[in-house]
Amino acid sequence: MSTRTFRITVRGAFDGLTGGQRAELLAAAPEHDMLRAEFTAEGHLTYDLAARPFFTFRFLDSGEAEQDILDATARAELAAESWLTERGYGFKQLRSQAQDLSLAPLGKRQRREAARAGSEA
């Protein structure tokens, strides 16, 4: 069996932040900028608290079967909740979306590379 790669996005909104928590998040905002967003095993947090109270965690996980995406999604949600809770940040409206990259359509460059590899075989 081949390994499947999953991208999981967990979104939510900060809720009931104290002035100190808000200042802390604003000070750390450059390292959580949306332009630096990436999918990682540990989860990458992005937000723009100055504009709106929403945040996004991006996780990268893997599994052997298609149904493993459910476990990966649960792990991502738990990791996001734990990160927020450990820091005392209130949150609400947590929701997630997962994508199995093995089922994603190939982009133009990937189709071209696949065709090139097929013609060399």
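Sequential numbering from 1 along the given sequence is applied to the chain's residues. Everything numeric in this text was worked out from a predicted model, so none of it was measured.
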### Message
Pair Phe91, Thr85 - check side-chain contact (heavy atoms from CB on, under 4.5 Å), show working.
### Response
CA-CA 9 Å; Phe91 59 93; Thr85 302; 3.8 Å; yes
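Looking at residues two or more places apart in sequence or on another chain, you find no side chain to side chain donor-acceptor pair (under 3.5 Å) involving Thr73. Remark: Arg22 engages no residue in a salt bridge (charged side-chain N to carboxylate O under 4.0 Å, His left out) (not counting sequence neighbours).
Residues Leu60 make up the rest of the hydrophobic cluster containing Phe39, defined by ILVMFWY side-chain heavy atoms closer than 4.5 Å, directly or through other members.
A heavy-atom distance below 4.5 Å is not found between the side chains of Phe54 and Arg11. The shortest side-chain heavy-atom distance between Val10 and Trp83 does not fall under the 4.5 Å cut-off.
Applying the side chain to side chain donor-acceptor pair (under 3.5 Å) rule to pairs touching residues 91-100 yields Arg4-Asp100, Glu77-Ser96, Asp100-Ser102, sequence neighbours excluded. Pairs passing the ring pair (Phe, Tyr, Trp, His ring centres under 6.0 Å) check and including a residue from residues 3-27, sequence neighbours excluded, read Phe14-Tyr47, Phe14-Phe55. Residues in residues 24-49 take part in no salt bridge (charged side-chain N to carboxylate O under 4.0 Å, His left out) pair, two or more places apart or across chains.
Judged by distance alone, with hydrogens and angles left aside, the side-chain atoms of Asp71 form no donor-acceptor pair with the main-chain N or O of Asp68 at under 3.5 Å.
Under the 4.5 Å side-chain heavy-atom criterion for ILVMFWY residues, a single connected hydrophobic cluster contains both Tyr89 and Leu26.
Closest approach of Phe59 to Ala80, counting heavy atoms only: CZ-N, 4.0 Å.
Exactly one of Leu94, Leu84, Thr40 qualifies for a side chain to side chain contact (heavy atoms under 4.5 Å, CB included) with Phe57. That residue is Leu84.
We find the CG-CD1 distance between Asp61 and Ile8 to be 5.0 Å, quoted to the nearest 0.5 Å.
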